[in-house]
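Below: the structure, in structure tokens.
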Amino acid sequence: MHHPRLVRATHWINFLSFVALAVSGFAILMAHPRFYWGESGYFDTPAAFELPLRVNLDQTGWGRDLHFLAAWIAVINGLIYLGWGLFSRHFRYSGYKPLQRFAYAGVVFGILPLTVLSGLTLSPAVTAAYPVLFSIFGGRQSARTIHFFAADLLVLFLLIHVIMTIREGLVNSMIAGVVVTK
Ligand code: HEM
């Protein structure tokens with residue numbers, strides 16, 4: 001498979017921003033490792049579920065800054081990839097096997113947009129302008145819980161994706177763009 005330069009560039013920018021998002025997301029999570037459903041929730045209300053993490057408020061400052069920065073890089077980078085992919089008919093003709101197609105399409109058109117949209121719902125500046133986001137997700141706390149699970153699915157995809165591409169000997173195709181006949 002020959003990967004065009006734009007696919008390779010956006011793929012690796014996406015990976016770097018994803019690592020930053022995962023690390024900073026975990027830093028933010030430590031400040032409040034409890035999840036709720038609906039509009040509201042706090043330490044003094046019952047949680048839908050709770051993670052066995054010690055509450056740590058020290059990491060949330062840089063965590064939020066990095067999460068915000070990396071999220072916008074990921075969104076802009078993703079829009080460039082999507083725009084180009086639609087314009088060049090890359091999505092229509094990329095020669096993946098059915099299972100690869102299903103996994104990549106599910107991530108690009110399903111889990112990634114869901115993570116971005118639920119993440120935007122957690123930004124008071126964004127929901128002040130677009131309160132409809134609360135109705136889509138059934139409240140701020142539901143959006144946070146959905147964001148958490150969608151991000152976990154992406155981490156799971158990443159683990160399987162890395163194992164599969166290494167096992168199939170494809171990694172260099174995404175670095176150098178070489179043609180791999182597999
Ligand atoms: C969050 C992180 C990642 C995401 C969301 C992601 C997503 C994707 C997507 C959507 C494609 C298809 C690209 C296209 O043809 O348009 C792809 C291909 C590929 N990715 Fe990733 N990727 C990630 C991280 C990685 C990492 C860390 C590696 C290194 C092992 C990797 C190696 C590859 C390779 C080798 C291909 C081409 C596979 C093939 O030709 O079948 N990816 N990735």
Side-chain angles (χ1 to χ4, degrees), residues 1-30 33 35 51 53 59-60 62-123 126 137 143-182:
M1 160 87 61
H2 170 73
H3 293 295
R5 198 183 296 259
L6 188 133
V7 170
R8 284 180 278 142
T10 51
H11 179 267
W12 293 118
I13 292 171
N14 167 70
F15 175 57
L16 290 178
S17 57
F18 186 80
V19 170
L21 283 166
V23 171
S24 56
F26 189 76
I28 299 169
L29 175 66
M30 286 196 293
F35 286 87
L51 300 176
L53 292 173
Q59 310 303 327
T60 187
W62 68 264
R64 280 171 177 234
D65 287 348
L66 181 60
H67 210 68
F68 190 77
L69 175 70
W72 282 116
I73 293 174
V75 166
I76 293 165
N77 183 62
L79 288 176
I80 292 172
Y81 167 76
L82 269 183
W84 176 84
L86 294 171
F87 178 74
S88 69
R89 300 180 158 236
H90 167 73
F91 297 130
R92 192 170 287 251
Y93 295 117
S94 56
Y96 290 119
K97 294 175 207 143
L99 198 63
Q100 280 174 309
R101 250 177 193 280
F102 178 74
Y104 291 151
V107 165
V108 169
F109 300 109
I111 310 173
L112 278 173
L114 179 68
T115 315
V116 171
L117 217 58
S118 55
L120 286 172
T121 311
L122 301 180
S123 160
V126 172
F137 289 104
R144 180 173 177 254
T145 302
I146 290 169
H147 189 69
F148 172 74
F149 281 118
D152 290 347
L153 279 180
L154 287 175
V155 172
L156 185 68
F157 161 81
L158 179 61
L159 289 177
I160 298 171
H161 180 57
V162 169
I163 292 170
M164 296 291 282
T165 50
I166 290 176
R167 272 182 45 175
E168 297 275 318
L170 292 170
V171 176
N172 201 35
S173 75
M174 198 40 106
I175 297 169
V178 292
V179 178
V180 180
T181 44
K182 279 226 172 216

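Note that this is a predicted model, so its numbers are computed, not measured. Sequence positions, counted from 1, serve as the residue numbers for this chain. In listed order, ligands and their atoms are each counted from 1.
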- Task: Might you point out which heavy atoms bring Ala71 and Leu21 nearest each other, and give the distance in Å?
- Result: N-CD2, 3.7 Å
- Are any side-chain N or O atoms of Arg8 and backbone N or O atoms of Ala176, one a donor and one an acceptor, separated by less than 3.5 Å? yes
- Note on the structure: Note: ligand 1 atoms sitting under 4.0 Å from heavy atoms of Phe157 are 4 (C), 5 (C), 6 (C), 7 (C)
- Atoms of ligand 1, numbered as shown, that sit under 4.0 Å from any heavy atom of His90: 14 (C), 15 (O), 16 (O)
- Residues Ala143 and Ser118: closest non-hydrogen pair is O-CB, 3.7 Å
- Query: Within a radius of less than 6.0 Å around CZ of Arg64, do more than 12 heavy atoms belonging to other residues, nucleotides or ligands occur?
  - Reply: no
- Query: For the residue pair His161 and Phe157, does the interplanar ring angle fall in the parallel (under 30°), tilted (30 to 60°) or perpendicular (over 60°) class?
  - Reply: parallel
- Ranked by distance from atom 30 (C) of ligand 1, the top protein heavy atom is Thr165 OG1, 3.6 Å
- Item | Test item, Glu168 contacting ligand 1 (heavy atom, 4.0 angstrom) | no
- Look at atom 8 (C) of ligand 1 and say which protein heavy atom is nearest, naming residue and atom and giving the distance to 0.1 Å. His11 CD2, 3.5 Å
- Can you pull out the closest protein heavy atom to atom 2 (C) of ligand 1? Residue, atom name and distance to 0.1 Å, please. Leu158 CD1, 3.4 Å
- Message: Geometry only, no angles: is Tyr81 polar-contacting ligand 1 at N/O separations under 3.5 Å?
- Response: yes
- Item | For atom 40 (O) of ligand 1, closest protein heavy-atom neighbour | His3 NE2, 2.9 Å
- Can Leu170 and Met164 be said to form a side-chain contact (heavy atoms from CB on, under 4.5 Å), step by step? CA-CA 9 Å; Leu170 292 170; Met164 296 291 282; over 6 Å; no
- Give a yes or no on whether the backbone of Ser173 and the side-chain of His3 come within a donor-acceptor separation of less than 3.5 Å. no
- Count the heavy atoms belonging to other residues, nucleotides or ligands that lie under 6.0 Å from CZ of Phe68, then report whether that count exceeds 12. no
- Note on the structure: Under 4.0 Å from one or more heavy atoms of Val171, ligand 1 contributes atoms 30 (C), 35 (C)
- Quick one: look up the protein heavy atom nearest atom 9 (C) of ligand 1 and list residue, atom name and how far away it is. Tyr104 CD2, 3.7 Å
- Query: Non-hydrogen atoms of Trp12 versus ligand 1: any pair closer than 4.0 Å?
  - Reply: yes
- Would you mind telling me if ligand 1 is within reach of the side chain of Tyr96, the backbone, both or neither, using heavy atoms under 4.0 Å? side chain
- Message: Taking CH2 in Trp12 as the centre, count heavy atoms belonging to other residues, nucleotides or ligands within less than 6.0 Å. Is the count above 12?
- Response: yes
- Item | atom 10 (C) of ligand 1 [closest protein heavy-atom partner, distance rounded to 0.1 Å] | Val108 CG2, 3.6 Å
- His161 and ligand 1 - part of the residue with a heavy-atom distance under 4.0 Å: side chain
- Query: Can you list the atoms of ligand 1 that are under 4.0 Å from a heavy atom of Phe18?
  - Reply: 1 (C)
- Nearest protein heavy atom with distance in Å, relative to atom 4 (C) of ligand 1: Asn14 ND2, 3.2 Å
- Does Tyr96 offer a backbone N or O that forms a donor-acceptor pair with the side chain of Ser94 under 3.5 Å? no
- Would you say Phe91 contacts ligand 1, with heavy atoms under 4.0 Å as the rule? no
- Query: With distance as the sole test, does Ser123 use its side chain to make a donor-acceptor pair with the main-chain N or O of Gly119 at under 3.5 Å?
  - Reply: no
- Query: Considering only the protein, which heavy-atom contact is closest to atom 36 (C) of ligand 1, and what is its distance?
  - Reply: Met174 CE, 3.7 Å
